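The structure appears right after this line, and notes come after that.
Just the heavy atoms: all of them, side chains too, but no hydrogens, waters or symmetry mates, feed the values below. The structure displayed is predicted, hence computed values, not measured ones.
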Amino acid sequence: MSAPETKVLYLSYDGMTDPLPQSQVLPYLQALSKCGLSFTIISFEKAEVYESNKEHIEALCLASSIHWIPLLYTKKPPVLSTIYDIYRLRNLCVKLIQEQSFEVLHCRSYITAMIGLWMKQKYGTKFIFDMRGFWADERVDGHIWSLGNPLYRRIYNFFKAKEKAYFLNADYTVSLTYAGKNEIMTFDYMQGIASNIDVIPCCVDTDFFSTKTILPLSQINLKQKLGIPQDAYVLGYIGSIGTWYMLPEMLDFFVALKEQDPSAVFLFLTREPPENIIRLAEEKKIDTSSLRILGVSRAEMPLYISLLNASVFFIRPTFSKKASSPTKQGEIMSMSIPIVCNAGVGDGDFVIAKYDAGVVLSEFTKESYNIASKELKQKSFNVAKIRQGAEEFYSLNSGVNHYYTIYQKILG
């Protein structure tokens, strides 16, 4: 007789119909579902993407026997809407745990961890704190919460107190980076405590992001479609720009690269409104005919990335970014593409150095851009070693194995 499945309640304040959880939640749970774990997901869905994507997510969950309970995310008014969502989530979790014997609450980030901690204390369920970064500090570093505002200062202090409770009471904590874990272990209240923190970066399906699936003729045709000369040097940026990514500095780097190679083209694979990028490029006197800006589906992404000679991303190196793991780094390295990035963000510079996978800048100056662009153009990168870095550090299989080991440890 086979052993009964372990029931896990997975809580996410991000919606499964959003792009990120489709690469950073569902693939893990689909794989773990084959290992004797039975998942129920509760997530908060944004109305604008829920209707268009729900059938796709329902099909993915059904195929892996995952029970998905979507709740609509409440956006307004600020603060009160989040309190309301927490209230709804807590009531639903109480109802579910009374109906079923969930053994583990797996909580993605700080909001849902409030429920995980409370249910551990009330019902004795195991509690995994999948922190995803220093969330409260990200709100401050990203200028979303101003500590000069008494209300936001109070909210910040509330969540920092919760953070302490999570670290001290979770059966296991998952950090995206070793830099983040090391920072946590310096906190006063963590001294003398055995670490129950594991590091699992934002992983990537290295079978999907692979040059093995790319036909040279497809690359030729795509370049023709995009109006990119076949021999042009293509620099790429992938993903949203938003709060953290330093678009002005990335454009400045492109200017330096263009001086090294006038054929250079900057390909943005983003759903950012093109006019936002074009306007800033024009201010910097960049010939916008050397820019290509378009959003592509996940299914198309490997082919588009394969056009790149290199990719760039600069992230503001704030305190909270020590715990950040850009999903794009694993995807780009999995496609054997060298990266230009800055130091001080998670484990990114460590990985680049270990696998000789690109160029790391320590400062944002014209001189640094010139040096980096020269190195990028003159150096012959070992594409096999870059790919090896993705397989060893960012592979989905490795991430799944880490999670499964955590479940085994906390379940005895």
Side-chain angles (χ1 to χ4, degrees), residues 1-12 16 21 23-43 60-61 63-68 93 96-97 100-110 112-113 115-133 165-178 180-182 184-185 190 193-207 323 325 330 347 390-412:
M1 182 180 296
S2 61
E5 289 187 317
T6 298
K7 291 186 177 181
V8 181
L9 188 55
Y10 189 101
L11 309 182
S12 172
M16 294 301 106
S23 69
Q24 294 302 315
V25 175
L26 290 173
Y28 298 90
L29 303 193
Q30 288 172 304
L32 289 167
S33 294
K34 300 174 183 177
C35 304
L37 299 171
S38 175
F39 288 96
T40 294
I41 303 174
I42 304 176
S43 59
L60 290 176
C61 290
S64 297
S65 299
I66 295 171
H67 182 208
W68 176 43
C93 288
L96 289 173
I97 206 164
Q100 305 179 51
S101 54
F102 287 102
E103 296 178 63
V104 181
L105 262 79
H106 189 144
C107 301
R108 180 180 169 85
S109 197
Y110 284 51
T112 59
I115 309 300
L117 177 62
W118 179 78
M119 295 194 76
K120 174 183 173 67
Q121 294 167 340
K122 184 173 179 64
Y123 295 102
T125 50
K126 301 295 184 182
F127 165 41
I128 295 176
F129 175 38
D130 208 334
M131 62 179 289
R132 317 310 297 173
Y166 299 157
F167 290 142
L168 293 177
N169 291 280
D171 293 280
Y172 237 91
T173 293
V174 179
S175 169
L176 291 174
T177 68
Y178 289 97
K181 175 182 177 179
N182 293 340
I184 293 164
M185 297 312 298
M190 296 297 288
I193 294 177
S195 171
N196 63 339
I197 303 174
D198 201 356
V199 175
I200 306 176
C202 287
C203 293
V204 59
D205 183 343
T206 52
D207 292 330
S325 173
D347 299 327
E391 291 174 335
E392 292 182 359
F393 203 86
Y394 294 112
S395 78
L396 180 61
N397 288 339
S398 174
V400 169
N401 289 337
H402 271 286
Y403 274 120
Y404 186 60
T405 298
I406 289 171
Y407 278 98
Q408 287 180 311
K409 286 180 179 178
I410 67 174
L411 292 169

Quiz prompt | CA sep, side-chain torsions, deciding dist, call: C107, I128, side chain to side chain contact (heavy atoms under 4.5 Å, CB included) | solution = CA-CA 6 Å; C107 301; I128 295 176; over 6 Å; no

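- Of the inter-residue distances, the one linking T125 atom OG1 with W118 atom CH2 reads 9.5 Å to the nearest 0.5 angstrom.
- The main-chain N or O of I66 is never found under 3.5 Å from a side-chain atom of S64 such that the two would form a donor-acceptor pair.
- In this structure the side chain of Y403 reaches within 4.5 angstrom of the side chain of V174, judged on heavy atoms.
- Here the OG atom belonging to S101 is positioned 13.5 Å from the OH atom belonging to Y123, to the nearest 0.5 angstrom.
- The aromatic rings of Y407 and H106 lie tilted to each other, with the angle between the two planes from 30° to 60°.
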Self-check item: H67 vs I41, side chain to side chain contact (heavy atoms under 4.5 Å, CB included): CA-CA, chis, key distance, verdict
Solution: CA-CA 6 Å; H67 182 208; I41 303 174; over 6 Å; no

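- Counting heavy atoms from C-beta outward, T177 and K181 have side chains that stay 4.5 Å or more apart.
- I97 is listed as a side-chain neighbour of M119, based on a closest heavy-atom distance under 4.5 Å.
- For the pair L396 and V204, the minimum side-chain heavy-atom distance is 4.5 Å or more.
- Atom CG in L29 sits 13.0 Å away from atom OG in S65 (nearest 0.5 Å).
- Minimum interatomic distance between L105 and G116 (heavy atoms only, all atoms of both residues): CD2-CA, 3.8 Å.
- Between M131 and I197, the closest side-chain pair of non-hydrogen atoms is not below 4.5 Å.
- Closest approach of C202 and Y394 over heavy atoms only: O-CD2, 3.5 Å.
- Taking the centre of each ring, F167 and F129 come in below the 6.0 Å mark.
- Between E103 and L411 there is a side-chain heavy-atom pair separated by less than 4.5 Å.
- With salt bridges taken as basic N to acidic carboxylate O contacts below 4.0 Å, one links D171 and K120.
- Rounding to the nearest 0.5 angstrom, the gap separating the CG atom in N196 from the NZ atom in K409 is 9.5 Å.
- Contact of the Y10 side chain with the V104 side chain is not registered, since no non-hydrogen atoms from C-beta on lie closer than 4.5 Å.
- Atom CG of D130 sits about 10.0 Å away from atom CD of Q24, to the nearest 0.5 Å.
- Contact between Y28 and V400 at its shortest, heavy atoms only, is CA-CG2, 4.1 Å.
- The aromatic rings of Y166 and Y110 sit perpendicular to each other, their planes meeting at more than 60°, with 30° as the lower class boundary.
- When every heavy atom of S33 is checked against every heavy atom of F39, the shortest pair comes out as OG-CD1, 3.6 Å.
- Proximity of L26 to C61: side-chain heavy atoms (C-beta onward) are separated by under 4.5 Å at one or more points.
- Taking every heavy atom of both residues into account, G399 and C203 meet most closely at CA-SG, 3.8 Å.
- With rounding to the nearest 0.5 Å, the separation of SG in C35 from CD in Q408 is 8.5 Å.
- Across T112 and L11, no two heavy atoms sit closer than the pair OG1-O, 3.5 Å.
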